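One structure is given here, and the rest of the page talks about it.
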Amino acid sequence: MDKHDHEWQEEQERVTGITRQLSTHIRLLSEELGLHRTDVVDMRKDFWEEVTVNFSSPDDLGETSTSLRQQAQILNERERHHLQSSKALKKYKKLVVSPYFGRIDFSESADTAAEKIYLGIGSLMEDNGTFLIYDWRAPISSLYYDGAPGPAAYDTPGGLITGNMELKRQFVIDNGEIEVMFDTGVTIGDELLQQVLSHSADDRMKSIVATIQKEQNAVIRNDRSRMLVVQGAAGSGKTSAALQRVAYLLYKYREVLQADQMLLFSPNPLFNSYVSTVLPELGEENMQQTTFQMYLEHRLGQEFQLEDVFNQTESLLNAPDGPEASIRRAGITYKSSVSFLDVIRRYVNLLEHEGMMFKPLMFQGRAVVGKEEMERQFYSYDPGIKLANRIELMTGWLLKRIAAFSIEERTASWVEDQIELMDNSDYQRAYNMMRRKGGGHNESFDDFDTEKIMLARYIVSQRLKPLRGWTKRGRFVDVKGLYSRLFTDRELMDSLNSSRDLPEEWDDICDFTLATIAGNELAYEDATPFLYLKELSQGFRTNTLIRHVIVDEVQDYSPFQLEFMRRLFPRAKMTVLGDLNQAIYAQGEVLGDLAGLVSIYGAENTEVISLTRSYRSTYEIVEFTRAMIPGGEKIVPFNRRGEEPLLTVVDSEADLLASVEQDVLNLHAQGYHYVAVICKTAEESARVHSELQSRLPVRLVTKETPNFQKGTLVLPAYLAKGVEFDAVIIYDGSAEKYGREHERKLFYTACTRAMHLLHIYSLGQPNPFLPAAVRETVSAGSLQD
């Protein structure tokens, strides 16, 4: 037996012993949980039988309170212990399948023997406190990801620990058996990455803790910066690293940070489903997940029909080149800019002195308080009081006016008519409400006059209830009028825009904006500026519970939207991830260099990390796609070999459909279970799906699709962001479909979804963004087919 075989046998014996211990833990915990569950159920069932309840005297009341508190504490303790045991059981069940994935031998000095440190997704200790497995997030585990055999160091809460790493070993263990074992002198050996990356795609993103690279580890363990900006090439693992980062922060700050204090802004609901299992796989609860559109709907959905970014993109992609498309793009660019953000801020400052607009308080067609009177009251307050605080004072003043109006209105003729129309159920409700408002005293309608007064009070109060609620929500501020004024008063806009020039298309932009608002609609590019003005004028609704915000696909957000997020979550740190080469939405083009994000929190609070190595796709696909974009030479492909991307030109739609059908059948026959037919738009996707579904089992992905499923999916390019497939078929990559410069990144994004195979079809001349060598081949008439 050679040295390698001997070491393999020793390691297998250790794995077998660990697995045996874990199996014992699982059996004992399962039995214990069964008993705990029975205890908790019985305690809940018999809770009141164990409590002495007596309200006869103050002493008896105190005894009852103490008894209740003691019984509740016992129940809470049992439930807490049950929860902790359940978490431990879940961890052991994961570890028993694959206890660990790495080992390092580390000694702090030449005089001490090296400690063997095994790393897994969770820790395991012997009864004497000795670690059998270290959690991958423990400080010492960073040696595995960052170091190589030789001098090494790692940070701890107590300071820097230096020493020497004598060995780095990697494992693949499945069901208690070592399948792969090798020693490596680099960060994470290519052998393990090759095995992991050669696997098929899945309907859920997987944990990458066994293959975290050094640059990804820098993202995961960074806890210094108020804002961490990650610029990562397609397939560089930036989203995976961000999710491991969440798990790391929850582990390191477990005493003060909970999963529900972290929030992920994702690109679409499909992506939420795709990443939903990563944190539970690591033994952590999922953080909150949402989209920016969902937040806008929550805040503005009752007032307007909101356009979303997908409809905005769809309209731009389907629009022919011409004045209308140019006007829309110019409007999006300006409304997404820092210039327009500054305009809104200056506008609010101006409103503290003049120009505030209100809506009258109306009741049954009559003005309770007119807007002119409201304006006089508003500007009667001390000019030093901020606008939002004055609105709060106005709210109190208006509620008093409503109360006074309520008293006057009780004698109105319509009130007497309503009293006459009351039935017994209305009468009983009025009586019960009067009793409650009377503090529970036994009021009675002892004569006709008293009855009439009380019923009138009840009727008027109920009718004015919506107006009071409307006032408390600040709806008396005419935000729609304030926002519209920016597009009707050119002199005002010029003064607020300072020395900057408005877009040449400004008059047309104004017409478009006013027309949509008049129809109670808000274009996507207007929603954030409108809400920002609403917040600044009525008082900003901040969320101080969220302590960390993660924004994925940040290149698709405007500077305006990111500044709004900063204001919305004032106590939160922020991690933003993106790839400028995948900025496929119009407002994303405004952001420019991601390094520009430093202005949000300041250079001293911001760190930028670049991930340039691409792991998702084969070497051939990365070489092919990086030639499509400026600066693509900086992207480093991982050396996992595969087939060259295939380009096929067809002459007719019928040939195109037939070719795609046969291609899909061949791919499934080769064992590729996740195949995407990527179209340019949702409109094209629906048409292609309709044609293919009679020939193949295919699913159409729309913006409402909640889950990412196995099989053949037909979807628009902009919904493929963030996910990956075994094979990608670009339905039509012709110059007619992708001929405009702003469509370059959309085409690039679609192509980079492929892990193993990329097939591009072109109905006619291929688009100009394909690598020059490929286009030259087409021109020469020697195209692959």
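Computation of the quantities below employed the complete heavy-atom set of this structure, encompassing side-chain atoms and omitting hydrogens, waters and symmetry-equivalent molecules. What you are looking at is a predicted structure, and each value in this text was computed from that prediction instead of being measured.
Smallest separation of non-hydrogen atoms from P637 and R626: CD-NH1, 3.9 Å. Of all the heavy atoms in Q289 and V275, the pair that sits closest is NE2-CG2, 3.7 Å. Of all non-hydrogen atoms in I760 and G733, the two that sit nearest each other are CG2-CA, 4.3 Å. Closest of all the heavy-atom pairs between V551 and V549 is CG2-CG1, 3.9 Å.
Proximity of a side-chain donor or acceptor of K238 to a complementary backbone N or O of E553 within less than 3.5 Å is not detected. No donor-acceptor pair closer than 3.5 Å links the side chain of S98 to the backbone N or O of D174. The backbone N or O of M628 sits less than 3.5 Å from a side-chain atom of R744, completing a donor-acceptor pair. Using a distance-only test at 3.5 Å, with no hydrogens or angles considered, no donor-acceptor pair links the side chain of T749 to the main chain of A720. R616 places no side-chain N or O within 3.5 Å of a backbone atom of A234 that could act as its donor or acceptor partner. Judged by distance alone, with hydrogens and angles left aside, the side-chain atoms of D552 form no donor-acceptor pair with the main-chain N or O of S266 at under 3.5 Å. No donor-acceptor distance shorter than 3.5 angstrom exists from the side chain of K634 to the backbone of A233, with no hydrogens or angles considered. For R245 (side chain) and N222 (main-chain N/O), a donor-acceptor pair under 3.5 Å exists by modelled atom type. Although no hydrogens or angles enter the test, the distance criterion places a donor-acceptor pair under 3.5 Å between the side chain of K168 and the main chain of Y144. Under the 3.5 Å distance criterion, the side-chain polar atoms of N286 are matched with a main-chain donor or acceptor of S276.
Between D579 and T752 the shortest side-chain heavy-atom distance does not fall below 4.5 Å. For the pair Q555/K745, no side-chain contact is recorded, criterion being any heavy-atom separation below 4.5 Å from C-beta on. You'll find the side chain of L713 stays beyond 4.5 Å of the side chain of T705, heavy atoms only. Looking at P99 and I173, their side chains come closer than 4.5 Å, going by heavy atoms from C-beta outward. Using a 4.5 Å cut-off on side-chain heavy atoms (C-beta onward), T712 and L696 make no contact. Residues F265 and V554 have side chains not in contact (no heavy-atom distance under 4.5 Å, counting atoms from C-beta outward).
In this structure, R641 pairs ionically with E620, as a charged nitrogen and a carboxylate oxygen lie closer than 4.0 Å. Between R224 and E607 there is a salt bridge, with a side-chain nitrogen of the basic residue lying less than 4.0 Å from a carboxylate oxygen of the acidic one. A salt bridge is defined here as a Lys NZ or Arg NE, NH1 or NH2 lying under 4.0 Å from an Asp or Glu carboxylate O, and D105 with K116 fails to meet this definition.
Taking the six-membered ring for Trp and thresholds of 30 and 60 degrees, F171 and Y100 have ring planes more than 60 degrees apart, a perpendicular arrangement. Between W136 and Y145, the two ring planes are perpendicular [angle over 60°; tilted spans 30° to 60°].
The number of heavy-atom neighbours closer than 6.0 Å to CD of Q288, taken from other residues, nucleotides and ligands shown, is above 12. More than 12 heavy atoms of other shown residues, nucleotides or ligands fall within 6.0 angstrom of atom NZ in K94.
Here T19 contributes atom OG1 and E177 contributes atom CD; the two are 8.5 Å apart, rounded to the nearest 0.5 Å.
Side-chain contact annotation: Q9 with E11, donor-acceptor N/O pair under 3.5 Å absent. Using modelled atom types, one finds a donor on one side chain and an acceptor on the other under 3.5 Å when comparing T16 with Q12. Judged by distance alone, the side chains of S142 and R221 never bring a donor and an acceptor atom under 3.5 Å apart.
N128 is linked by a side-chain contact (heavy atoms from CB on, under 4.5 Å) to E126, T130, counting only residues two or more places apart in sequence or in another chain. Applying the ring-ring contact (aromatic ring centres under 6.0 Å, His included) rule to H25 yields the partners Y92; only residues at least two apart in sequence or on another chain are considered.
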Candidate pair I26 and L89, rule side chain to side chain contact (heavy atoms under 4.5 Å, CB included), full reasoning:
CA-CA 6 Å; I26 291 169; L89 182 60; 3.9 Å; yes

Using the rule given for side chain to side chain contact (heavy atoms under 4.5 Å, CB included), can you reason through K573 versus L228, listing the C-alpha separation, both sets of side-chain angles and the distance that settles it, and then say yes or no?
CA-CA 8 Å; K573 289 186 174 182; L228 179 63; over 6 Å; no

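Considering T112, N164, I161, L167 as possible partners of F106, the one that fulfils the side chain to side chain contact (heavy atoms under 4.5 Å, CB included) test is I161.
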